Student: 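Here's a structure for you.
Atoms considered below: every heavy atom in the structure, side chains included; atoms not considered: hydrogens, waters and symmetry mates. If you're wondering where the values come from, they're calculated on a predicted model, not measured in any experiment. Note on naming: letters A, B, ... go to the chains in the order of the sequence lines (proteins, then strands), and numbering restarts at 1 for each one.
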2 protein chains.
Amino acid sequence: MSAGKRQRNRHQRVTLSDVAQAAGVSSITVSRTLREPDKVSPDLRETVLKFVDSMGYIPDFAARALASSDSGIIGVISPALTNHAYLGVMRGIEDRVRSTDLRIQYANTTYDPADEVRQLKQFLAQNPTGIIFANVDTNPAVEDMLRVARCPVVQIMDVSKAPANMAIGIDHKVAGEMATRHLIESGYRRIGLLGGRWDARARRRLEGYTAVMKEAGLYDPALIIALDHMTSVPLGGHLLDRLLQTVPDADAAFCHHDELALGAVFECQRRGIDIPSQFGICGYNDMDYVAVSVPAITSVRIPRYEIGFRAVDMILRALDRGSASPSLVDLGFTLVRRASTARQG
Amino acid sequence: MSAGKRQRNRHQRVTLSDVAQAAGVSSITVSRTLREPDKVSPDLRETVLKFVDSMGYIPDFAARALASSDSGIIGVISPALTNHAYLGVMRGIEDRVRSTDLRIQYANTTYDPADEVRQLKQFLAQNPTGIIFANVDTNPAVEDMLRVARCPVVQIMDVSKAPANMAIGIDHKVAGEMATRHLIESGYRRIGLLGGRWDARARRRLEGYTAVMKEAGLYDPALIIALDHMTSVPLGGHLLDRLLQTVPDADAAFCHHDELALGAVFECQRRGIDIPSQFGICGYNDMDYVAVSVPAITSVRIPRYEIGFRAVDMILRALDRGSASPSLVDLGFTLVRRASTARQG
DNA sequence: CTGTTAGCGCCTTCAG
DNA sequence: CTGAAGGCGCTAACAG
């Protein structure tokens, strides 16, 4: 790694055998006391722990990982870690991990397939205890790596495709269908689709949108507006602007992210377009602000926290069982109707 | 399993010496080829790299970390990782790290001092290459640990207190002063302070607010409203509600986070309070949405991305130098005036 | 329940 | 510029 200072002075750090010597036992006993206390007699355990404490012993994770082929790290790989919607997932992950002695390592691939492979390799090089992968349809190289990984792997967010191993999330296509159908049922006809990057989930929502629009005889490709950017509130305004340029009679928008929806709301306000009578807006994710914005924004609630929490749980269970039986958990979603689509008549 | 086998669970993993054997060199040469290519002759380098590639060799980070006392990991410890404002910092960190072979490990302490110590211990146990610590005034135990850490440590966000090692951020007290002064100069008098948890930075801003309000003869403790919650848009509405209950003639609010400011704006809209003529609102952080909201919200711009980027850079430089000379970088901030405080007269 | 033995895979040191 | 030797700190696999 980087230019490191040499520090071969072994007495800087308290090691397992230092503790063992002081306690008058073998190092393996100290090791066991720390990792499998049940397998050590109570009195020995007590003495050992006393020495561990008084000597300020801190285990060396690298040594542990090397000897046991298990780093104690759960790697989380996401194409858009800095997306606000992931925060909920992170919270769930963290909360589930807190009571264990595992650690989380996050990696952000920014939708770069090469980086995805690189980062995954880096994790694999660490003998991870588990991997959470927030992308489902990725390149085959990644799929292969995930399949042969020697640890439980959970793919999160989307369950519309059979995963290499375990998966938990929702079906974004069905969600897209439901949102679109809701807008149609609310009386809107020229319904635009505002999106950012076409990642796997966005494409699934697009499929849902397209299916329903075609079924209703309302499909028009000009209604689909997307820019290859990270979603943001300002982007929502730009997208609506472009939609109205392209399709002046557009009367609603299904947004791929609540950030876009909020931006669209602001843009409508600037233009004096009334929501919901003149224009309907449906968001996605049900971020906390859509419930309190003026007007409140209809959105699709995704169980983000639960996805994170249970993903870790699935890894833990697989470790307990000693085997990773493939499984797929569809957590479902909820359409939350609010003022932004509550058209009169 | 077979007779006379002494091999342990020798995984199918390709090791350094496998590559060395195949290439007809010693393992240390392969090791050097990978880490310090300059120190290996070009032709040897080429052959070695060919074998590395064809055999699919992936270094074992645990072994590397154990042998070199350097894990190649930069640990990022934050009390509120899932705060939206940190995303910018994360982006900066990631961008600076991408071109190196270092990895980032994030830890979230949720403002729990005990967890802060625990997580820091966990990092220290990994021989981190560097540590980024997003909290300045912490308990003495943490300060001590940071001081004796055998790697560069950068404390980020706040520079109002002398750090254990290096620090980069802004002076939140001065920022609080400037925001408050701006509101006063805009003609507001009963200026509330809306906040969440009183972390170090929030307290600094409070100090700035208090100083300026007292100086102007406008200070009134009833104007300070805070709830010990994570900031959010809905919370902003609640806080404004409470402010108006306690101080019905309040005519402005300085919010500790743009999320709160946005929530306050929505609350005003619901109540039919006009911004900025009846009520002025100033946020903090300059999140992207404040520029496009209706009305646009005045805010204090913090160089979040740069803080993250340069924090990593400082670690890298310290490693290059081989020594961590204490340093403190104040990046400054900017008050961005917008409609929410543009009072006529 | 406790200990012995033998590495895990790599890098540091020190020679050549 | 290259290599041989040894060990980093811990734990798996057997014993007893």
Student: Do NZ/NE/NH1/NH2 and the carboxylate oxygens of A:Asp158 and A:Arg201 come within less than 4.0 Å?
Tutor: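 Looking at A:Asp158 and A:Arg201, the cut-off is not met.
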
Student: Is the shortest distance from a Lys or Arg side-chain nitrogen in B:Lys50 or B:Asp53 to a carboxylate oxygen in the other one below 4.0 Å?
Tutor: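 Salt bridge: no.
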
Student: Given side chains that start at C-beta, do those of A:Met157 and A:Ile168 come closer than 4.5 Å, heavy atoms only?
Tutor: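 They are not in side-chain contact.
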
Student: If you pin B:Arg32 and B:Tyr57 to their nearest nucleotides in DNA chain C, which one's is more 5'?
Tutor: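 It is B:Tyr57 whose nearest nucleotide is closer to the 5' end.
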
Student: Rounded to the nearest angstrom, tell me the gap between atom CG in B:Leu44 and atom C1' in D:dC1.
Tutor: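 Result: 9 Å.
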
Student: Distance only, no hydrogens: is a donor on one side chain within 3.5 Å (strictly under) of an acceptor on the other, for B:Asp199 and B:Tyr111?
Tutor: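 On atom types as modelled, these side chains qualify, holding a pair under 3.5 Å.
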
Student: Nearest whole angstrom, please: distance from the P of D:dC1 to the CZ of B:Arg45.
Tutor: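 That distance rounds to 9 Å.
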
Student: So, is A:Ser68 close to the D:dT11 phosphate, meaning a side-chain N or O under 4.0 Å from OP1 or OP2?
Tutor: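 So the side-chain polar atoms of A:Ser68 never come under 4.0 Å of the phosphate oxygens OP1 or OP2 of D:dT11.
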
Student: Round to the nearest Å and state the distance from A:Gln126 atom CD to C:dG9 atom P.
Tutor: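 It works out to 16 Å between those atoms.
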
Student: What's the closest nucleotide to the B:Ile28 side chain, out of C:dT4, D:dG9, D:dA4?
Tutor: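 Selected nucleotide (nearest to the side chain): D:dA4.
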
Student: Checking all strands, does B:Leu16 fall into the base, sugar-phosphate, or nothing category for heavy-atom contacts under 4.0 angstrom?
Tutor: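 Result for B:Leu16 = sugar-phosphate.
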
Student: Taking CG from A:Asn127 and C1' from C:dC8, how many angstroms apart are they, rounded to a whole number?
Tutor: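 Computing the A:Asn127:CG to C:dC8:C1' distance gives 10 Å.
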
Student: Is B:Ser31 close enough to C:dC11 that one of its side-chain N or O atoms is under 4.0 Å from OP1 or OP2 there?
Tutor: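 Yes, such a contact exists.
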
Student: For A:Arg118, give me all partners under salt bridge (Lys or Arg N to Asp or Glu O under 4.0 Å), at least two apart in sequence or on another chain.
Tutor: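 A:Arg118 satisfies salt bridge (Lys or Arg N to Asp or Glu O under 4.0 Å) with A:Asp115 only.
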
Student: Of the options C:dC10, D:dG9, D:dG3, whose atoms approach the side-chain atoms of B:Arg64 most closely?
Tutor: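 The answer is C:dC10, which lies nearest to the side chain.
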
Student: Check this one for me: any side-chain N or O of B:Thr29 less than 4.0 Å away from OP1 or OP2 of D:dG3?
Tutor: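 Result: yes.
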
Student: Between the side chain of A:Arg45 and the main-chain N/O of A:Thr33, is any donor-acceptor distance below 3.5 Å?
Tutor: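 Flag not set: sc A:Arg45 to bb A:Thr33 has no pair under 3.5 Å.
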
Student: Between residues 34-43 of chain A and DNA chain C, which residues have a heavy-atom gap below 4.0 Å?
Tutor: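 Those residues are A:Asp38, A:Lys39, A:Val40, A:Ser41.
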
Student: Starting at CG of A:Asp60 and ending at C1' of D:dG9, how long is that distance when rounded to a whole Å?
Tutor: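 Nearest whole value for this atom pair: 6 Å.
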
